[in-house]
Amino acid sequence: MSNNFIYSNRDHKFIIKEWLDGEKILNLDAFKDNYEMDDVDMLLDQALKVAREMIAPTNVDGDRIGARFENGRVSTPPSFHKLYGFMQENGFGNSQYDPEEEGKLPEILRIWLDEFFTAANPAFHPYIGLVGGASNLIGSFSTDAEKELYLPKMFSGEWAGTMCLTEPCCGSDVGDITTKAYATDDPRVYKIKGTKCFITAGDHDLTENIIHLLLAKCEGAAPGTKGISLFIVPKIWVNEDGSLGEPNDVSTVAIEHKMGLRGSATAMLSFGENDNCRGILIGSPPDENGKAQGMAQMFVMMNGARIDTGLSALAIAQAAYNYALQYAKERIQGKVISNPKGPRMPIIQHEDVRRMLLFQKSVVEACRALIAKTCYYEDLAHHSPDPEEKKAAKRRIEVNTPLVKAYISDMVWQTTCEAIQVHGGYGFTEEYPVAQCARDSKILSIWEGTNFIQSLDLVGRKWTLDGGKVFAEWFKELAASVEGNKDVEGFGREHEILARAMGAYREIQGFIAATFAKNIKVVPLYSTRILHATAMLYCGSLLLDQAAVAMQKIKELGEGHHELPFYQGKVQSAKFYIRNIVPEIFGIAEVIKDCDTSAIDIPEEAL
């Protein structure tokens with residue numbers, strides 16, 4: 001992958017400059033003195049150059065050398081050290097998460113830098129990216145003194161950050177954690193004792209300290225998630241003057257031997273083996289009923305991490321597609337079916353290869369549109385001067401977050417499998433980069449709350465949030481977009497499919513609403529498929545909206561313009577996605593209405 005990193009930023013420029021109202025975002029007070037629309041090309045070109053020339057060459061080391069655990073210490077490949085320093089020194093590192101940083105990028109721009117960097121080396125990005133969530137938590141909920149103590153060195157890249165949730169006894173069911181926090185004479189400081197596992201970047205040698213954001217339960221806390229508190233637990237204790245003190249009784253037990261993302265150290269950490277691990281409570285201790293604040297605080301970080309997970313999936317899917325496209329253009333095999341006596345041809349001319357390629361292209365563009373729209377709302381939610389616009393944007397993000405995380409991380413596996421198929425037998429060998437794409441991508445459907453949990457969040461929470469108003473507003477906006485594009489030339493059939501799909505979706509909602517009271521098990525049985533239907537409907541509407549822009553541009557450019565193929569590609573991506581993928585909603589609706597419960601009814605012994 002490193003020797004042949006192929007990537008384009010043309011779609012990203014289209015999104016910011018032609019599809020979404022990028023001018024509106026850049027003119028917000030937070031950004032208007034820093035950037036203009038004329039800066040977009042330069043910023044994206046520069047970031048892509050960094051990805052190609054600086055990051056991609058480290059990818060082979062990340063996969064082949066990987067993170068190593070020897071004599072109780074974790075080491076990363078030597079090339080990671082040089083890269084880490086470069087990223088911090090040139091403004092591509094932790095400083096991007098500093099809200100006070102001069103020249104801070106809006107999300108609709110910053111997110112694409114992360115896409116390029118992740119595509120170039122998916123295992124490296126967590127060492128930087130996790131600081132974003134960790135620093136946001138400290139900045140949002142800690143005291144001013146704690147912010148001054150930790151944030152400057154986290155933003156400078158001297159210190160790293162993690163989030164520590166999962167334990168050997170419990171993964172997705174966070175309420176069952178057993179890590180304990182015991183009060184000390186200092187009301188802010190607690191003794192921490194427990195074990196955490198699957199901690200991404202949980203230990204490494206890139207920074208002098210690592211600041212863990214850890215979930216634990218205080219004595220007397222309520223059972224389940226209500227009793228969870230959040231703590232700052234430095235790997236090395238930080239003195240009041242900001243200097244490093246003694247090791248904080250945080251030890252690495254092991255790192256995981258993973259099928260992918262091998263350069264990213266996934267650690268099992270032991271806290272308090274010697275009864276000397278200290279953590280600083282964020283917020284208040286549990287109240288008189290044992291209710292604590294930790295889970296509400298942690299979700300601030302988790303929701304951001306879920307968007308990042310979807311972005312990582314998008315980056316790998318795009319990379320895999322790029323490799324497949326190049327291979328299909330170069331690989332000579334077979335003859336065109338309409339001319340069996342003709343010459344051997346590049347496989348890109350074979351019909352099924354073209355189907356696989358357009359499947360990948362359309363899904364990637366659909367997923368990028370989903371992320372772009374969500375990040376557009378992020379900028380409005382944080383920086384719009386209009387309180388009502390801020391509120392509406394936050395409500396759209398509520399619905400979109402599980403779609404970004406779960407749909408994209410499910411689809412990267414499918415699209416990468418098609419990329420392997422395009423390569424034929426060579427795709428199954430490690431000499432070609434798509435094999436690594438597959439290995440690197442699979443964890444993403446498991447990270448940050450499995451995709452099943454995301455589907456329960458959508459159906460069980462987002463459908464009913466604020467009495468159902470949040471989702472109703474989201475759906476109304478989707479329907480208005482589809483209706484607003486009903487007259488796009490050449491898209492009559494696509495509009496018809498989307499209109500029918502909206503009707504089928506309403507049938508799904510109606511059936512679930514009428515059925516779950518009788519048999520609540522139908523919700524988890526069908527929630528994953530409902531999430532996919534939701535995402536396909538939304539992505540179809542976004543691609544139709546993009547196609548309307550592209551069709552107008554095609555008219556303006558005329559024949560022979562060098563940009564014409566890009567816009568033609570946008571049109572065909574939208575057509576393929578809406579006519580080949582969106583109709584899956586009809587089948588999902590029929591399956592749900594049929595309400596087959598055989599998966600529930602089958603005896604365990606018969607499985």
Side-chain angles (χ1 to χ4, degrees), residues 1-7 51 55-56 58-67 77 114-126 198 200 256-266 308-331 347 352-353 355-368 371 404-448 450-452 528 532 581:
M1 190 182 297
S2 67
N3 295 327
N4 192 25
F5 180 67
I6 311 162
Y7 225 80
I55 303 176
T58 68
N59 193 41
V60 170
D61 288 349
D63 193 50
R64 296 180 183 173
I65 299 174
D114 278 358
E115 180 190 335
F116 304 156
F117 300 160
T118 302
N121 184 348
F124 177 78
H125 186 258
F198 298 142
T200 301
E256 303 299 335
H257 302 283
K258 303 178 297 185
M259 64 182 282
L261 295 182
R262 293 170 175 167
S264 172
T266 302
D308 288 344
T309 299
L311 183 73
S312 296
L314 168 65
I316 296 173
Q318 179 70 71
Y321 166 67
N322 293 344
Y323 297 128
L325 178 61
Q326 182 190 48
Y327 183 85
K329 290 178 177 179
E330 296 175 352
R331 174 64 166 162
I347 63 172
D352 196 53
V353 171
R355 175 194 62 79
M356 289 188 283
L357 291 172
L358 191 48
F359 171 80
Q360 293 172 70
K361 174 179 165 61
S362 67
V363 169
V364 165
E365 291 181 10
C367 292
R368 184 174 292 116
I371 288 179
V404 169
K405 195 282 174 182
Y407 180 68
I408 304 177
S409 62
D410 276 343
M411 293 308 293
V412 63
W413 185 249
Q414 293 187 35
T415 57
T416 302
C417 286
E418 294 286 28
I420 292 172
Q421 191 72 16
V422 170
H423 282 76
Y426 289 114
F428 198 65
T429 69
E430 292 291 346
E431 283 72 23
Y432 283 78
V434 287
Q436 185 186 340
C437 290
R439 290 189 287 102
D440 285 347
S441 71
K442 190 62 203 87
I443 187 60
L444 300 175
S445 62
I446 302 168
W447 262 3
E448 312 305 346
T450 63
N451 286 356
F452 167 63
T528 292
H532 278 227
I581 296 173

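In this chain, residues are counted from 1 in sequence order. The model shown is predicted, which means the values in this text are computed figures rather than measured ones.
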Open item on the list: Between Gln436 and Asn59, does the side-chain contact (heavy atoms from CB on, under 4.5 Å) criterion hold? Intermediate values first, please.
Closed with: CA-CA 10 Å; Gln436 185 186 340; Asn59 193 41; 3.3 Å; yes
- [ ] Please test Leu314 against Val364 for side-chain contact (heavy atoms from CB on, under 4.5 Å), starting from the C-alpha separation and ending with a verdict.
- [x] CA-CA 6 Å; Leu314 168 65; Val364 165; 3.8 Å; yes
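Note that CG of Asp440 and CD1 of Ile316 are 5.0 Å apart. Values are rounded to the nearest 0.5 Å. Between Ile443 atom CD1 and Glu256 atom CD the span is 9.5 Å, to the nearest 0.5 Å. Here the straight-line distance linking atom OH of Tyr321 with atom CZ of Phe359 works out to 12.5 Å at 0.5 Å rounding. One distance of note links OG1 of Thr415 with CG of Leu357; it measures 11.5 Å at 0.5 Å rounding. Between the CD atom of Gln360 and the OH atom of Tyr323 there is a distance of 13.0 Å, given to the nearest 0.5 Å. Atom CG of residue Asp308 and atom CG of residue Leu444 lie 11.0 Å apart, to the nearest 0.5 angstrom.
Between Glu430 and Arg64 there is no salt bridge, since none of the side-chain N atoms of the basic residue sits less than 4.0 Å from a carboxylate O of the acidic one.
No donor-acceptor pair closer than 3.5 Å links the side chain of Lys258 to the backbone N or O of Ala265. Between the side chain of Thr416 and the main chain of Trp413, no donor-acceptor pair closer than 3.5 Å is present. Not a single donor-acceptor pair under 3.5 Å links the side chain of Thr118 to the backbone N or O of Glu115. The backbone N or O of Ser445 lies less than 3.5 Å from a partner atom in the side chain of Lys405, making a donor-acceptor pair.
Counting only residues at least two apart or on different chains, no salt bridge (charged side-chain N to carboxylate O under 4.0 Å, His left out) pair has a member in residues 314-324.
Partners of Asp114 under the salt bridge (Lys or Arg N to Asp or Glu O under 4.0 Å) rule, at least two apart in sequence or in another chain, are Arg110. For His423, the ring-ring contact (aromatic ring centres under 6.0 Å, His included) partners two or more places apart in sequence, or in a different chain, are Tyr327, Tyr432. Residues forming a salt bridge (Lys or Arg N to Asp or Glu O under 4.0 Å) with Arg355 (at least two apart in sequence, or on another chain): Asp352, Glu418. Among residues two or more places apart in sequence or in another chain, the side-chain contact (heavy atoms from CB on, under 4.5 Å) test is passed with Leu358 by Lys361, Ser573, Phe576. Taking the salt bridge (Lys or Arg N to Asp or Glu O under 4.0 Å) definition, one finds that Arg262 meets it with Asp63, sequence neighbours left out.
In this model, a donor atom of one side chain and an acceptor atom of the other lie less than 3.5 Å apart for Asn322 and Gln318.
Scanning both residues, Ala51 and Ala120, for their nearest heavy atoms gives O-CB, 3.4 Å. When every heavy atom of Ser264 is checked against every heavy atom of Ala123, the shortest pair comes out as CB-O, 3.4 Å. The shortest heavy-atom contact between Pro126 and Thr200 is CB-CG2, 3.7 Å. When every heavy atom of Ala435 is checked against every heavy atom of Gly427, the shortest pair comes out as CB-O, 3.9 Å. Looking at every heavy atom in both residues, Ala419 comes nearest to Ala320 through CB-O, 3.5 Å.
At least one side-chain heavy atom of Ser409 sits less than 4.5 Å from a side-chain heavy atom of Asn451. Side-chain contact between Val363 and Gln414: absent, with no pair of heavy atoms (C-beta onward) separated by less than 4.5 Å.
The number of heavy-atom neighbours closer than 6.0 Å to CZ of Phe198, taken from other residues, nucleotides and ligands shown, is 12 or below.
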